[in-house]
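So you know, we letter chains A, B, ... as the sequences are listed, proteins then strands, and number each from 1.
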2 protein chains.
Amino acid sequence: MVRRSGEATREEIRVAAARLFRERGFARTSVRDIAALAVTNPALVIRHFGTKELLFLDTMRFTIDDEPLLDVPLERFGERFIDVVLSQDDIRGVYLALVRGSNEAQIKVRLQAIHERTFVEPVRARLAGPDADVRARIAAAVVGGLLYALWVVEDEALLAADRDELIARYGALLQQALTGPTSPRPTAAPPR
Amino acid sequence: MVRRSGEATREEIRVAAARLFRERGFARTSVRDIAALAVTNPALVIRHFGTKELLFLDTMRFTIDDEPLLDVPLERFGERFIDVVLSQDDIRGVYLALVRGSNEAQIKVRLQAIHERTFVEPVRARLAGPDADVRARIAAAVVGGLLYALWVVEDEALLAADRDELIARYGALLQQALTGPTSPRPTAAPPR
DNA sequence: GTCTATACCTTGATAGAC
DNA sequence: GTCTATCAAGGTATAGAC
């Protein structure tokens, strides 16, 4: 077998791990599988990354391209945000692996960090007022709900739904969380 | 050690398994742990239930008490539904274990079934019109988002938030999904 | 400094004695 | 119906070859 530099081997392990973790998740991916795909052996995987969990954390990252969020007016932020989240293909595998792996303490911490940075912060940055933080967190929960329904549960009817209609409907809901009233009856006169 | 009847042993294994799976999840609970807690041995656990996964499926069930949903007027259904879901303590452990275990094919099927029966169906039963199904599924996603944020991610600010305020805010949002308009600007005149 | 061979321990599952 | 012994797979560690 060809001798590679340490860095090259490390990288091949990383690539193999990233692929398998995304496709099969943490639990169903063995260190031996990763080693085989990287054409090396399990011991080396551990030697380079310490533990399977650390390797997982090293490879399961993503950042959304939030540029499309900056130029949109606040009234259309909801729809745009849903559009952005659903458009970035690489999110799905990582998100799924993180959610399903969140039994492990460190993976849960990573999920929290990504939730905060990807879903809470971009929203809160656009809001003001005393309830900006709560609104942003509720909005993040709503966004998480869509990913949960589509990717974790795999609600077949939602997956089959027209993409634009889904974005419009769910975007409107998210918009409500951002800029809508708090009371349940927005069009009625406030009580008393 | 005292000899028990087969049925009694089965039941003790079930109780031990239910507790450990709820507390630690599927991956972090070993058949040996379950056997130890049930004061028996691993072989018997497998003999009685086939595999660890089948034992998991046997014990991880829940049904919500949907009686409080039946007498509430549709305009208040959103808030009431959130209230009910957050009030039933036994949901949390099972829901979490199912989500995190959904890497396993059969566990995912169970999660889908529970999602459908617990979150989609009660909502759809109260709606009419051509978009009743989509609305119900989107509403279920919204509800799932709250459980996800609270229990999977454990958003600390949301967990610390005033329970009634959270129910009011999130309930209003859910209500929007049920009976609100589809367009993003509910208070404005419809375009053209 | 890189890598291979090997072995250790835990875990899910099975076989066979009682 | 119950238990002991055992296996195979998987995560991890280490010794030593190159």
Could you tell me whether the phosphate oxygens of [N], OP1 or OP2, come under 4.0 Å of any side-chain nitrogen or oxygen in [X]?
| X | N | value |
| --- | --- | --- |
| A:His48 | C:dT2 | no |
| A:Ser30 | D:dA9 | no |
| B:Thr40 | D:dT2 | no |

Rounded to the nearest angstrom, tell me the gap between atom [atom1] in [X] and atom [atom2] in [N].
| X | N | atom1 | atom2 | answer |
| --- | --- | --- | --- | --- |
| A:Ile13 | D:dT12 | CD1 | P | 14 Å |
| A:Leu54 | D:dA13 | CG | C1' | 15 Å |
| B:Ile34 | C:dG12 | CD1 | P | 8 Å |
| A:Asn41 | D:dT12 | CG | P | 15 Å |
| B:Glu11 | D:dG1 | CD | C1' | 17 Å |
| B:Leu55 | C:dT11 | CG | P | 16 Å |
| B:Leu20 | C:dG12 | CG | P | 12 Å |
| B:Leu44 | D:dA5 | CG | P | 16 Å |

Please say whether more than 12 non-hydrogen atoms of neighbouring residues, nucleotides or ligands are located less than 6.0 Å from [atom1] in [X].
| X | atom1 | result |
| --- | --- | --- |
| A:Arg19 | CZ | no |
| B:Asp65 | CG | yes |
| A:Glu121 | CD | yes |
| B:Glu156 | CD | no |

- Message: Using modelled atom types and a 3.5 Å cut-off, is there a donor and acceptor pairing between side-chain atoms of B:Arg80 and backbone atoms of B:Val72?
- Response: no
- Message: Assess, by modelled atom type and distance only, whether the side chains of A:Arg14 and A:Thr59 contain a donor and an acceptor separated by less than 3.5 Å.
- Response: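 Side-chain D/A pair, A:Arg14 to A:Thr59: absent.
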Identify the pairs formed between an N or O of the protein and an N or O of nucleotides 13-15 of chain C at a distance under 3.5 Å, and give each distance.
unit_1: C:dA13; atom_1: OP2; unit_2: B:Lys52; atom_2: N; d: 2.9

- Is it true that the NZ or CZ of B:Arg126 lies under 6.0 Å from the centre of B:Phe81's six-membered ring and within 45 degrees of the ring axis? no
